Amino acid sequence: MKQTLYLKFLLGYLVFGILGFILVSTVTNYGLRNQIEAVEARNLYTECTEIASQYAKNYYNGSMELTDLHSHLETISHYLNTKIKVIDTSGRVIIDSANSAAYDSNGDIFIDGFDINDFGSKYYMMNRFYDTFTENHLTVFAPITPGYRVRGYVLIHKPIADIYAYSYEMLNVVYLTLLFIFLLAFVILFLFSLLIYRPIRKITSVADAYIDGDFSQKMNIHTHDELGHLAAVFDYMANELNTLEDDQRKFVSNVSHDFRSPLTSIKGYIEAILDGTIPYEMQDKYLNIILFETERLNKLTSSLLELNKFGSHGKTILYMKSFDINYIIRMTALTFEGICSEKHISIELILSGQNLYVTADMAKIQQVIYNLTDNAIKFSYPDSSITIETTEKNDKVFVSVKDSGIGIPNDSLKKIWERFYKTDVSRGKDKRGTGLGLAIVKEIIQAHDENINVISTEGVGTEFIFTLSLSKEL
């Protein structure tokens, strides 16, 4: 059987109640009894010494009659709810507040085995006092010392049952307090069920749905505490996983489409060459087409491998160093001289100063500039120009790549960073593109914790602007 958190807390609650009862019944009861015994013995000892120093001493001095002493002791014993005796050093009972025969009879009454040393270092004992009682009594003694000589002792006896009766009353109060604590703990357990356990059950239930692949479930927990934060994290995670699943399906679909088209062309042309459908004198033309499609596949594969280095949430390893961004732009522009000549496109460089040093991964930033320039050339009109500009502001370097091409439709501006995305106008114009260039650019810039923006007007042109950190090294 699956153990739930609520069951564990319920069992803990019951164990708390049982252990609390046992603790009160044993430790608290024992401590309370000892405390009451000590207090009662101390109080009785005070009374005992008072009787010994006043009434009993007067009797031995001859200033008080035996009947008067008995009357006083009887009154005091009734007030204290005790029994009071006056005995001599041999244990003979002189006065017993509960028995008048002890002093008016002819025969003497002795306490068999009486020895004052049995009290030890204490002034009281708890027993049946030499079997003179049928139940345990608290017995307190005080010596009678007229003329600085011990002539006898005053004894006060109180039944243990009477002493413990008060402890039972105190214990009942403790039990009642424990009951209220137990009820309060039940209220806390109930509140825990409402405020903690139910949200946890909800989170567990929805998490199980996520495991089964159902990311449509929502936590709907909006508290401003750790549980609310955890629920929000789960909701965000579910949304990301759901989006990731859609992205994966879209990614596979796009990859399949982009690979299928050139492979179909290659397969068709090769079969046509082999079966003689394409005459020998035209084979060079179609072999060049096959070569073009092969290069396209190679470029697509390289782009996929490059993009795989970044990942959507992974950390990209950057080799940061200081370098001249203006030099990188000049060298990159030179690599496009051939294709620019073919399309009659010029590249204009507007660079801030002769040298402009930034701190970044030089190879990856060179790839960003290459991809943006390549993108600008692909969508520029013949006899147009492309402007690459650098400016410095507030410890940042702004790099701009601007073309005068076909532009990007407004509804496509937010989608151009997606993998394999191509605008409708680019699908007819860009035959060699993979739809991954801008996705790679975005990943590289984000890995540097920098920003990239795009400004475009359809039919006028497009400008990409990204930032880099100005190098502090000279």
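Keep in mind the model is a prediction, meaning the values are calculated, not measured.
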I'd like to know if the side chain of [X] reaches the main chain of [Y], judged simply by a donor and an acceptor atom lying under 3.5 Å from each other, with no hydrogens or angles considered.
| X | Y | value |
| --- | --- | --- |
| Thr387 | Lys402 | no |
| Asn375 | Asn371 | no |
| Asp403 | Gly461 | no |

Quick one about Ser322 and Ser471 (side-chain donor to acceptor, distance below 3.5 Å, no hydrogens or angles considered), yes or no?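 Yes, because at least one side-chain N or O of Ser471 sits under 3.5 Å from a partner of the opposite role on Ser322.
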Quiz question: by atom type and distance under 3.5 Å, do the side chains of Thr390 and Asn326 form a donor-acceptor pair?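 Per modelled atom types, Thr390 and Asn326 side chains form a pair under 3.5 Å.
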For atom [atom1] of [X], decide whether the heavy atoms of other residues, nucleotides or ligands shown that lie under 6.0 angstrom number more than 12.
| X | atom1 | value |
| --- | --- | --- |
| Glu281 | CD | yes |
| Asp275 | CG | yes |
| Met170 | CE | no |
| Phe119 | CZ | yes |
| Phe398 | CZ | yes |

4.5 Å side-chain heavy-atom contact, [X] and [Y]:
| X | Y | answer |
| --- | --- | --- |
| Thr82 | Leu138 | no |
| Asn34 | Glu37 | yes |
| Tyr168 | Arg33 | yes |
| Tyr381 | Ile406 | yes |

So, for [X] and [Y], which heavy atoms are closest and what is the spacing to 0.1 Å?
| X | Y | value |
| --- | --- | --- |
| Glu135 | Pro159 | OE2-CB, 3.8 Å |
| Ser469 | Lys396 | OG-NZ, 3.4 Å |
| Tyr357 | Leu470 | O-CD1, 3.3 Å |
| Tyr164 | Met126 | OH-CE, 4.1 Å |
| Ile181 | Phe16 | CG2-CZ, 3.9 Å |
| His448 | Ile444 | ND1-O, 2.8 Å |

Ile22/Ile18 under side-chain contact (heavy atoms from CB on, under 4.5 Å): CA gap, chis, key distance, verdict: CA-CA 6 Å; Ile22 294 174; Ile18 294 172; 3.9 Å; yes
How are the rings of Tyr13 and Phe182 set relative to one another: parallel (under 30°), tilted (30 to 60°) or perpendicular (over 60°)?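 Ring orientation of Tyr13 relative to Phe182: parallel.
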According to the interplanar angle, ranging from 0 to 90°, do the rings of Phe133 and Phe129 count as parallel (below 30°), tilted (30 to 60°) or perpendicular (above 60°)? tilted
side-chain contact (heavy atoms from CB on, under 4.5 Å) assessment of Leu351 paired with Leu356: CA-CA 8 Å; Leu351 306 178; Leu356 183 59; over 6 Å; no
Step-by-step side-chain contact (heavy atoms from CB on, under 4.5 Å) determination, Leu372 to Phe466: CA-CA 11 Å; Leu372 292 178; Phe466 66 91; 3.9 Å; yes
How long is the gap from [atom1] on [X] to [atom2] on [Y], to the nearest 0.5 Å?
| X | Y | atom1 | atom2 | result |
| --- | --- | --- | --- | --- |
| Leu438 | Ile445 | CG | CD1 | 11.5 Å |
| Thr177 | Leu184 | OG1 | CG | 12.0 Å |
| Met362 | Ile328 | CE | CD1 | 5.0 Å |
| Leu183 | Ile188 | CG | CD1 | 11.5 Å |
| Leu44 | Tyr124 | CG | OH | 11.0 Å |
| Lys321 | Asp361 | NZ | CG | 8.5 Å |

Check this for me: does any side-chain nitrogen of one of Lys267 and Glu271 sit under 4.0 Å from a carboxylate oxygen of the other?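 Yes, Lys267 and Glu271 are salt-bridged.
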Which residue pairs satisfy the salt bridge (charged side-chain N to carboxylate O under 4.0 Å, His left out) criterion with at least one member in residues 157-171, sequence neighbours excluded? Glu40-Lys158
Give me the one residue out of Glu47, His137, Lys83 that meets side chain to side chain contact (heavy atoms under 4.5 Å, CB included) with Ile156.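 It is Glu47, the one option of Glu47, His137, Lys83 that forms the side chain to side chain contact (heavy atoms under 4.5 Å, CB included) with Ile156.
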Phe323 and side chain to side chain contact (heavy atoms under 4.5 Å, CB included): which single residue from Thr359, Val358, Asn355 fits? Val358
Is there a side-chain contact (heavy atoms from CB on, under 4.5 Å) between Phe379 and Thr462? Walk through the geometry before answering. CA-CA 9 Å; Phe379 300 112; Thr462 303; over 6 Å; no
